[in-house]
Amino acid sequence: MALEEAIDEYTQDGTVDLRGNPVLRSKRGGWKACWFVVVYEVFERMAYYGISSNLIVYLTNKLHQGTVTSANNVTNWVGTIWITPILGAYIADAHLGRYWTFIIACIIYLSGMILLTLSVSLNSLKPPPCNEVIVGNCKKASTLHLAVFYGALYILALGTGGTKPNISTIGADQFDEFNPKEKGHKLSFFNWWMFSIFFGTLFANTVLVYIQDNVGWTLGYGLPTLGLAISIAIFVAGTPFYRHKVPTGSPFTRMTRVVVAAIRKWRLTIPNDIKELYELDLEEYAKKGKYRIDSTPTMSLLTKASVKTGSTNPWMLCTVTQVEETKQMLRMIPILVATFVPSTMVAQINTLFVKQGTTLDRAIGSFKIPPASLAGFVTISMLISVVLYDRFFVRIMQKWTKNPRGITLLQRMGIGLAIHILIMTVASLTEKYRLSVAKEHGLVENGGQVPLTIFILLPQFLLMGTADAFLEVAKIEFFYDQAPESMKSLGTSYSMTTLGIGNFLSSFLLSTVSHITKEHGHRGWILNDLNASHLDYYYAFFAVLNFLNFIFFLFVIKYYVYKAEVSNSIEVLTEELKGMTEIRD
């Protein structure tokens, strides 16, 4: 009994301190460590959204770019921001570990922010001011101006590639999968993680955006840079309390070996007894703090990689665990694809939605609302929705489903996808109304301000926040939860990748639709003058695209198989819920 209690003092999931020593549960990890991570994220998100939320306004008003060009430059940069985490995840999982990858990436990130602040502050690094309504009449930014500005943006993007996939994973690593109590805390972690993200975002979308529009871009970019420096200091201060996962080698190499070995042995027959497949002893995994995974019948072609042929070449023979890890990562790809379209919708928040706001009446008395500040309502809606979801919806659904999460992660994602259909339908109808008012007042040709309050756009922003509470939170947790234990950073990068591809897809669709609709002498759907454009048609197109994507999602989840738990902690939680229900009854 004393021996069991002594063992229980240490974490059972293979986590160690920075020196590689076993971790005492009472000394490191848990919410005590997570608070540093969560507070870091508040300040870091303030820094990132302090730049991205109002970027299209800077490109239009200060660098004098047109609607399609500026929108595509924003989405291409944001796309890069969300694609680079694949590189960061690889370095963390294969070489440096999550902590050191994160620290190095923070230095790069901060360097980019400092250079960006200089580029908007020094007159020699930006074109002269211009008050023309038509930006085409203004002096364009020089090659030097663009090189410094975009160089800073993409240095920043490289830095975020190392921070984004690792910070949420570091937070989740603070909870031991083998301890039922800590497993229960982890189920709520991602909800509160998103809460911290959007709390920082709210500050950026309100205070920082107002400063940029009304005080100046130097202070408007200088404060996010200071915020990032503070966030890094906060994270480093929590170092004595963190648990760490040891790097387990390149996940891409292991997955490639499985695929190559399976193809080379595709003619072989899988033995009826799975014990005849190649696998290491359980003790071998236990010594290294790793997990052994049993063979599953799905994707049988890959299973052939572990069929014994007498060769020990790692490109000819892989363990069952390596095969199952590869299956888990490949199994998630159809779900990943289904999230591309809603990620394209998210890209509209800081591009076309903001451009719409610039055409409307933004005055409340003598105060003028910055168009990008409407994104703050996405944040507010998201914060409220997450709290209601975690505190009420989950508890109500637990009684019916006996699922510790209330509903499955895929069900939660599905609700978010359905809301996206509604968002673009509402956006299309709102834009149709805005255009009709512009036409009534003769504002189609001169690009004047439409006599409608900017708050007519509020429904689409509020609905976007509600959709995020379902889809974005579930997406992060799903890809982390379903990834193999040795590939958690790569799994987390899946959720980042979908946003990256969604932004690139947004650029592609905007350019393509703009070009096609201008053919044969037509005016086009997306012009620099939004009063002469047809964004209502473009949004209706998005609504149809979301509906088709939802059908695709329903199809792929029908065949998705959740991975087996590495411990029985989730079953313990389920039994506790059943017991609590029986007592109440």
Side-chain angles (χ1 to χ4, degrees), residues 45 49 52-53 75 78 82 190-195 197-199 201-202 205 335-354 356 374-390 392-394 397 405-431 457-479 495-496 498-503 505-506 509 538-554 557:
R45 290 294 82 186
Y49 283 104
S52 65
S53 296
T75 51
V78 174
W82 294 110
F190 287 101
N191 286 330
W192 293 104
W193 172 253
M194 291 300 291
F195 187 96
I197 288 176
F198 284 92
F199 189 81
T201 305
L202 179 61
N205 288 334
I335 307 296
L336 178 71
V337 172
T339 60
F340 292 165
V341 170
S343 295
T344 302
M345 305 306 108
V346 172
Q348 309 315 307
I349 297 173
N350 294 326
T351 53
L352 294 181
F353 283 10
V354 173
Q356 279 180 286
L374 282 187
F377 288 101
V378 176
T379 307
I380 293 170
S381 174
M382 202 288 185
L383 294 176
I384 294 172
S385 298
V386 165
V387 172
L388 293 177
Y389 183 91
D390 195 55
F392 298 102
F393 182 81
V394 169
M397 295 306 297
R405 290 188 174 93
I407 57 177
T408 68
L409 293 173
L410 290 178
Q411 287 171 339
R412 184 173 181 176
M413 290 171 67
I415 294 172
L417 290 173
I419 295 173
H420 273 285
I421 302 172
L422 178 61
I423 291 169
M424 299 319 297
T425 301
V426 170
S428 178
L429 294 174
T430 302
E431 177 63 9
L457 301 178
L458 200 56
Q460 62 205 55
F461 282 93
L462 291 174
L463 285 170
M464 191 68 79
T466 304
D468 283 349
F470 284 93
L471 179 58
E472 296 304 314
V473 177
K475 188 171 66 175
I476 293 175
E477 185 175 357
F478 174 81
F479 289 123
S495 63
M496 316 290 178
T498 178
L499 288 169
I501 294 177
N503 275 274
L505 182 58
S506 177
L509 290 174
Y538 190 54
Y539 290 160
F541 163 68
F542 275 161
V544 173
L545 196 60
N546 273 286
F547 176 76
L548 295 175
N549 183 68
F550 183 67
I551 300 300
F552 170 73
F553 177 77
L554 293 178
I557 65 171

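Along the sequence shown, residues are numbered consecutively beginning with 1. Predicted, not measured: the structure shown is a model, and the values here were computed from it.
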Exercise. Is any side-chain heavy atom of K475 closer than 4.5 Å to a side-chain heavy atom of P342?
Worked result: no
For this session: Have a look at T498 and tell me which of N503, L336, I335 forms a side chain to side chain contact (heavy atoms under 4.5 Å, CB included) with it.
Result: L336
Seminar exercise, completed: Note: P459 and V426 closest approach over all heavy atoms is CB-CG1, 4.0 Å
Exercise. In this structure, are over 12 heavy atoms from other groups packed under 6.0 Å from F199 atom CZ?
Worked result: no
Problem set entry | Evaluation steps, side chain to side chain contact (heavy atoms under 4.5 Å, CB included), between M382 and L202 | CA-CA 10 Å; M382 202 288 185; L202 179 61; over 6 Å; no
For this session: For T75, enumerate each residue passing the side-chain hydrogen bond (donor to acceptor under 3.5 Å, both in side chains) test, keeping only those at least two apart in sequence or located in another chain.
Result: S507
Problem set entry | All side-chain hydrogen bond (donor to acceptor under 3.5 Å, both in side chains) counterparts of S506, not counting sequence neighbours | Q348
Problem set entry | Qualifying residues under side-chain hydrogen bond (donor to acceptor under 3.5 Å, both in side chains), relative to S381, sequence neighbours excluded | T466
Exercise. In this structure, are over 12 heavy atoms from other groups packed under 6.0 Å from F547 atom CZ?
Worked result: no
Exercise. Just how far is it from atom CD of E472 to atom OG of S495, taken to the nearest 0.5 Å?
Worked result: 8.5 Å
Problem set entry | Stepwise side chain to side chain contact (heavy atoms under 4.5 Å, CB included) test for M397 and Q411 | CA-CA 12 Å; M397 295 306 297; Q411 287 171 339; over 6 Å; no
Problem set entry | Pairing residues for L505 by the side-chain contact (heavy atoms from CB on, under 4.5 Å) criterion, not counting sequence neighbours | T344, F508, L509
Problem set entry | ring-ring contact (aromatic ring centres under 6.0 Å, His included) against Y49, all qualifying residues, sequence neighbours excluded | none
Seminar exercise, completed: Taken in chain and number order and not counting sequence neighbours, the residues that satisfy side-chain hydrogen bond (donor to acceptor under 3.5 Å, both in side chains) with T351 are none
For this session: Of all the heavy-atom pairs spanning L409 and F478, show the shortest one and how long it is.
Result: CD1-CA, 3.5 Å
Problem set entry | Pairwise distance OG1(T430) to CE(M424) - rounded to 0.5 angstrom | 10.0 Å
Exercise. Would R412 count as a cation-pi partner of Y389, with NZ or CZ less than 6.0 Å from the six-membered ring centre and within 45° of the ring normal?
Worked result: yes
Exercise. How far apart are the C-alpha atoms of L457 and F353, what are their side-chain angles, what is the distance that settles it, and do they pass the side chain to side chain contact (heavy atoms under 4.5 Å, CB included) test?
Worked result: CA-CA 8 Å; L457 301 178; F353 283 10; 6.0 Å; no
Problem set entry | Non-hydrogen atoms of F550 and L417 that approach each other most closely | CD1-CB, 3.8 Å
Problem set entry | Q460 side, atom CD; T425 side, atom OG1 - distance, nearest 0.5 Å | 11.5 Å
For this session: Would you give the length of the straight line joining atom CD1 of I380 to atom OG1 of T201, rounded to the nearest 0.5 angstrom?
Result: 11.5 Å
Problem set entry | Criterion side chain to side chain contact (heavy atoms under 4.5 Å, CB included) on M345 and I423, from CA distance to verdict | CA-CA 9 Å; M345 305 306 108; I423 291 169; over 6 Å; no
For this session: Look at the rings of F542 and Y539 and say which category their plane angle falls in: under 30° parallel, 30 to 60° tilted, over 60° perpendicular.
Result: parallel
Exercise. Hey, are the side chains of V341 and F552 touching, using non-hydrogen atoms and a 4.5 Å cut-off?
Worked result: no
For this session: State whether the side chain of N549 and the backbone N or O of L545 hold a donor-acceptor pair below 3.5 Å, judged by distance alone.
Result: no
For this session: Supply the atom-to-atom distance I421 CD1 to L548 CG, rounded to the nearest 0.5 angstrom.
Result: 9.0 Å
Problem set entry | Interatomic distance, F393 atom CZ to F470 atom CZ [nearest 0.5 angstrom] | 5.5 Å
Exercise. Taking I349 as the fixed residue, which of V354, L374, N205, V378 is the one that meets the side chain to side chain contact (heavy atoms under 4.5 Å, CB included) rule?
Worked result: V378
